Amino acid sequence: MFITIVLLLVYINQLPTDMTMRELVFEELEGTWGGPVTEEKVELARESMHASDTGEISNHTFESKATDYVQFLIVGAAMQKQDQNERLTILEAEMNDFDESTYKHRKASMERDMLQELDDAHGFYLIRSWREMFEFIEPVTHVLLLSILIFLGLSPVFAEEYTHRTTDLILATKHGKTKLVTAKILAALSYIVIIFLSLQIINSFLNLLKFGGIAGWDAPIQGISSGLDSLSRLSYDGSPYNFEVWQFFLLTMGLQLLSCIVIAALVLLLSFLTKNTMITFFISSIIIAIPALLQQLGITDGFLGYLTDFSFLKLMQVSSLFTQFQAYNVFGYPVLYPSLLFTLFALVTGLLIMLIYRLFRNQQVSH
């Protein structure tokens, strides 16, 4: 299965795209249009786009298409900056309307502070391979591929002992119970780390080859928009988070690895409880699939909305957690959605592992 996924990644990265930004023309365009947007750049971009639309300028060459694309990004960045300024005005008004001790004031203050830290983040930046390196192909496929590998690799971990009828021998030893659980958890952790890092290294290498380098590593993440040259439709041009691309890459990789470990703890518990590999695989798949189904059907109101937002599915879609401002009320204080999500699942993981130890310790030798 691992080889199949690697071949899929290779195939996808071989598919042609209109523009990879590795062409020399983009380096020339960066010299003219690169960096934060300014009124002068926006005015020039709009004039040029109008001339192209009316036929005054030919847009049949690759160079002209690349120029149109960059100018489109410039105008889009200007619109995002305008939206940010308008949002700041709204937040200032909300802060004036509510007392400092209220949740609404605190939430508005948090978002305002985050937006003010962005400063001149919006603009055109020559970001190449990074666009495709935050997930495998795109977010849904990313979850699907990682989940399948985790389910296939870990579903038999405890169930296999019952299938081979070796459980009673282990339970009869003095320290067999604790040592077995520890060994199984460490083996599962090693499997997760090796599989995850291997796929990430392969995916990063393929994208470096395709897009021609790591240009844009120090650009703000707001420079990553859902452009025409990207299979992933995630866009960070409206994100309030003040990260450079390399910082965001390391953050998402770390959180994605943690999310895999959380899923692993769930699968291990199910493997012990069901004592059957196929049932473990089926139940694990259902737990991941139900929130995705609710999301696709648009059933996200009330309790079901919380069920979707705080699901294992959302946990694994790390790169989509930072596209916009989202906070929850925790005892009257706003807590950012990504922070709250991973804190809760860190507690869940601890409870799952404790439960595995307790249940296995209470397991009796069959007669």
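Owing to the predicted nature of the structure, the values given are computational and were not obtained by experimental measurement. If you read the sequence from its start, that first residue is 1, and numbering goes on from there.
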> Should Leu270 and Ile287 be marked as a side-chain contact (heavy atoms from CB on, under 4.5 Å) after you check the CA-CA gap, both sets of side-chain angles, and the distance that decides it?
CA-CA 11 Å; Leu270 291 174; Ile287 291 174; 4.2 Å; yes
> Quick one: list whatever passes side-chain hydrogen bond (donor to acceptor under 3.5 Å, both in side chains) with Glu94, sequence neighbours left out.
none
> Which atoms form the tightest heavy-atom contact between Val75 and Ala45, and what is the distance?
CG2-CB, 4.0 Å
> Hey, quick one: are Leu189 and Leu154 part of the same hydrophobic cluster, counting side-chain heavy atoms closer than 4.5 Å, chains of contacts allowed?
yes
> Looking at Asn207 and Asn203, would you say the former's side chain and the latter's main chain have a donor-acceptor pair under 3.5 Å?
yes
> Flag the pair Phe124 / Pro36 as yes when at least one side-chain heavy-atom distance between them is below 4.5 Å, and no otherwise.
no
> Mark yes or no for whether Ser109, through its side chain, and His105, through its backbone, hold a donor-acceptor pair below 3.5 Å.
no
> Tell me the closest heavy-atom pair linking Gln80 and Asp237, and the distance in Å.
OE1-O, 3.4 Å
> Atom CH2 in Trp217, atom CH2 in Trp130: separation rounded to 0.5 Å?
9.0 Å
> Report the distance from atom CD1 of Ile286 to atom CD1 of Ile283, rounding to the nearest 0.5 Å.
9.0 Å
> For Thr274 and Thr280, which I'm curious about, is there any donor-acceptor pair between the side chains at under 3.5 Å?
yes
> Is the backbone N or O of Ser48 less than 3.5 Å from a side-chain atom of Gln71, with the two atoms forming a donor-acceptor pair by type?
no
> Check whether Ser285 reaches the backbone of Phe281 with its side chain - one donor and one acceptor, N or O, closer than 3.5 Å.
yes
> Does any N or O in the side chain of Ser271 come within less than 3.5 Å of the main-chain N or O of Leu268, such that one atom is a donor and the other an acceptor?
no
> Checking side-chain contact (heavy atoms from CB on, under 4.5 Å) for the pair Leu297/Leu294: CA distance, chi angles, key distance, verdict?
CA-CA 5 Å; Leu297 295 176; Leu294 293 175; 5.6 Å; no
> Would you say that Pro220 contacts Phe243 through its side chain, given a criterion of any heavy-atom pair below 4.5 Å between the two side chains?
no
> Ignoring hydrogens, what is the shortest heavy-atom contact between Thr277 and Pro156? Give both atom names and the distance.
OG1-CA, 3.5 Å
> Short question: side chain of Lys184, backbone of Phe158 - any donor-acceptor pair under 3.5 Å?
no
> Between Leu91 and Tyr333, is there shared hydrophobic-cluster membership here, with clusters defined by ILVMFWY side-chain heavy atoms closer than 4.5 Å?
no
> Once side chain to side chain contact (heavy atoms under 4.5 Å, CB included) is applied, do any residues pair with Ala78, and if so which ones, sequence neighbours excluded?
Val42
> Would you mind listing every salt bridge (Lys or Arg N to Asp or Glu O under 4.0 Å) that reaches into residues 97-111, with sequence neighbours excluded?
Arg87-Glu111
> So which pairs with a foot in residues 75-84 pass salt bridge (Lys or Arg N to Asp or Glu O under 4.0 Å), sequence neighbours left out?
Lys81-Asp120
> Please tell me whether Met114 and Ile90 are part of a single hydrophobic cluster in this structure, the criterion being side-chain heavy atoms less than 4.5 Å apart.
no
> More than 12 heavy atoms of other residues, nucleotides or ligands under 6.0 Å from CZ of Phe282: is that the case?
no
> What's the shortest heavy-atom distance between Ser155 and Val267, and which atoms?
N-CG1, 3.7 Å
> Got Leu73 and Trp33 here, is their nearest side-chain heavy-atom distance under 4.5 Å?
no
> Could you give the distance from CG (Leu273) to CG (Leu359), rounded to the nearest 0.5 Å?
6.0 Å
> Under a 4.5 Å cut-off applied to non-hydrogen side-chain atoms, are Thr252 and Leu255 in contact?
no
> With sequence neighbours left out, write down each residue that passes side-chain hydrogen bond (donor to acceptor under 3.5 Å, both in side chains) with Gln82, or none if nothing qualifies.
Glu86
> Would you compute the distance between atom CG of Leu266 and atom OG of Ser284 and round it to the nearest 0.5 angstrom?
5.5 Å
> Any idea which heavy atoms bring Ser259 and Met316 closest together, and the distance?
OG-CA, 3.9 Å
> Quick check: is Phe325 connected to Phe98 through a chain of hydrophobic side chains (ILVMFWY, heavy atoms under 4.5 Å apart)?
no
> Quick check against the 3.5 Å criterion: does Gln222 have a side-chain atom that pairs as donor or acceptor with the backbone of Ser239?
yes
> Using atom types as modelled, flag every donor-acceptor pair under 3.5 Å from a side chain in residues 146-153 to any protein atom, sequence neighbours excluded.
unit_1 : atom_1 : unit_2 : atom_2 : d
Ser147 : OG     : Val143 : O      : 2.6

> Is Ser339 reaching over with its side chain to a backbone N or O of Val335, donor-acceptor style, under 3.5 angstrom?
no
> Would you mind reporting whether Leu29 and Leu126 have side-chain heavy atoms less than 4.5 Å apart?
no
> Group every Ile, Leu, Val, Met, Phe, Trp and Tyr by side-chain heavy-atom contacts under 4.5 Å, then state whether Ile194 and Leu145 land in the same group.
no
> Are any of the side-chain heavy atoms of Thr182 and Tyr357 separated by less than 4.5 Å?
yes
> Please state whether the rings of Tyr236 and Phe248 are parallel, tilted or perpendicular, taking 30° and 60° as the class boundaries.
perpendicular
> How about Phe345 and Phe312: are their ring centroids closer than 6.0 Å?
yes
> Would you check if there is a donor-acceptor pair between the side chains of Tyr328 and Asp309 at a distance under 3.5 Å?
yes
> Can you find a pair of side-chain heavy atoms, one from Tyr69 and one from Phe26, that are under 4.5 Å apart?
yes
> Once you round to the nearest 0.5 Å, how far does CG of Leu336 lie from CG of Leu341?
12.0 Å
> Out of curiosity, Leu118 CG to Asn242 CG, how far, rounded to the nearest 0.5 Å?
5.5 Å
> Centroid separation under 6.0 Å, is that true for the rings of Phe310 and Tyr337?
yes
> Under a 3.5 Å distance rule, please check whether Lys41 uses its side chain to pair with a backbone N or O of Gly123 as donor and acceptor.
no
> Can you name the nearest heavy-atom pair linking Ile127 to Ala219, along with the distance?
CD1-CB, 4.0 Å
> Would Val262 and Leu352 satisfy side-chain contact (heavy atoms from CB on, under 4.5 Å), going step by step from the backbone distance to the final call?
CA-CA 9 Å; Val262 175; Leu352 291 175; 5.6 Å; no
